[in-house]
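Worksheet: the structure to be examined is printed underneath.
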Amino acid sequence: MSYLHFTDEQQRTGALECIEALKALEHSAENMLIEGDEGAIFAAIQSGDAEKLADEFGPMTPHQKGAFRAMAEYIHHCLSSGTPALTQWKPFVAKTPEEVELWVKSLEEDEVAA
């Protein structure tokens, strides 16, 4: 009995393309500039990288793209900042512009307090 789930050529190609896209995401997360510590810049980088990764895989419904971007943001966050607590963390793609603005403002306030 085989425990492997055999795939077709398209699935294998998609998997290898995904690894290449993940390498780019990893490179971005691990090589963020100092300015990436600023909330607005970090949000733009993480969200933008997630958008690029999702766009690599062709047309998706908005629902699929949201889910894919959330996974990409999670990976980016793990690489750049450590594993988020999923009971509290919300990806940028799931936030409203007002929520992102509040998040950035709270980071800036924390910096001032430190």
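Both backbone and side-chain heavy atoms feed into the values below; hydrogens, waters and symmetry mates do not.
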For the [atom1] atom of [X] and the [atom2] atom of [Y], what is their distance to the nearest 0.5 Å?
{"X": "Ser81", "Y": "His76", "atom1": "OG", "atom2": "NE2", "answer": "8.0 Å"}
{"X": "Gln46", "Y": "Ile75", "atom1": "CD", "atom2": "CD1", "answer": "10.5 Å"}
{"X": "Ser47", "Y": "Ile45", "atom1": "OG", "atom2": "CD1", "answer": "11.0 Å"}

Checklist line | Other cluster members, Met71 - Ile/Leu/Val/Met/Phe/Trp/Tyr, side-chain contacts below 4.5 Å | finding: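 When side chains under 4.5 Å apart are linked, Met71 ends up in no cluster with other residues.
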Check: In the hydrophobic cluster built from side-chain contacts under 4.5 Å, what are the other members alongside Trp89?
Finding: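 Trp89 clusters with Tyr74, Leu86.
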For [X], side chain to side chain contact (heavy atoms under 4.5 Å, CB included) partners two or more places apart:
{"X": "Ala85", "value": "Thr87, Gln88"}
{"X": "Ile19", "value": "Leu22, Lys23"}
{"X": "Glu9", "value": "Arg12, Thr13"}

Notebook entry, point to check: Got a donor-acceptor contact below 3.5 angstrom from the Ser28 side chain to the Leu25 backbone?
Noted result: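 Not confirmed, Ser28 side chain does not pair with Leu25 backbone.
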Notebook entry, point to check: So, does His77 use its side chain to make a donor-acceptor pair with the main chain of Gly82 at under 3.5 Å?
Noted result: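 Yes, His77 side chain to Gly82 backbone: donor-acceptor pair under 3.5 Å.
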Summary of salt bridge (charged side-chain N to carboxylate O under 4.0 Å, His left out) pairs that have at least one residue in [range], sequence neighbours excluded:
{"range": "residues 70-88", "answer": "none"}
{"range": "residues 44-59", "answer": "Asp49-Lys52, Glu51-Lys65, Glu51-Arg69, Asp55-Lys65"}
{"range": "residues 87-98", "answer": "Lys90-Glu99"}

Next item on the list: Report yes if some heavy atom in the side chain of Ser80 is under 4.5 Å from a heavy atom in the side chain of Glu30; otherwise report no.
Entry: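 No, their side chains stay 4.5 Å or more apart.
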Next item on the list: Give a yes or no on whether Met60 and Leu53 share a hydrophobic cluster (residues Ile, Leu, Val, Met, Phe, Trp, Tyr; joining criterion: side-chain heavy atoms under 4.5 Å apart).
Entry: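 Per the 4.5 Å side-chain linkage, Met60 and Leu53 are co-clustered.
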Check: Looking at Ala70 and Val93, what are the two nearest heavy atoms and their distance?
Finding: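 Looks like N-CG1, 3.9 Å.
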Next item on the list: Could you label the plane-to-plane angle of the Phe57 and Phe68 rings as parallel, tilted or perpendicular, counting under 30° as parallel and over 60° as perpendicular?
Entry: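 Geometry flag for Phe68 against Phe57: tilted rings.
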Item checked: Exceeds 12 heavy-atom contacts within 6.0 angstrom, atom CD of Gln64 ->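 For Gln64, atom CD is crowded (more than 12 foreign heavy atoms under 6.0 Å).
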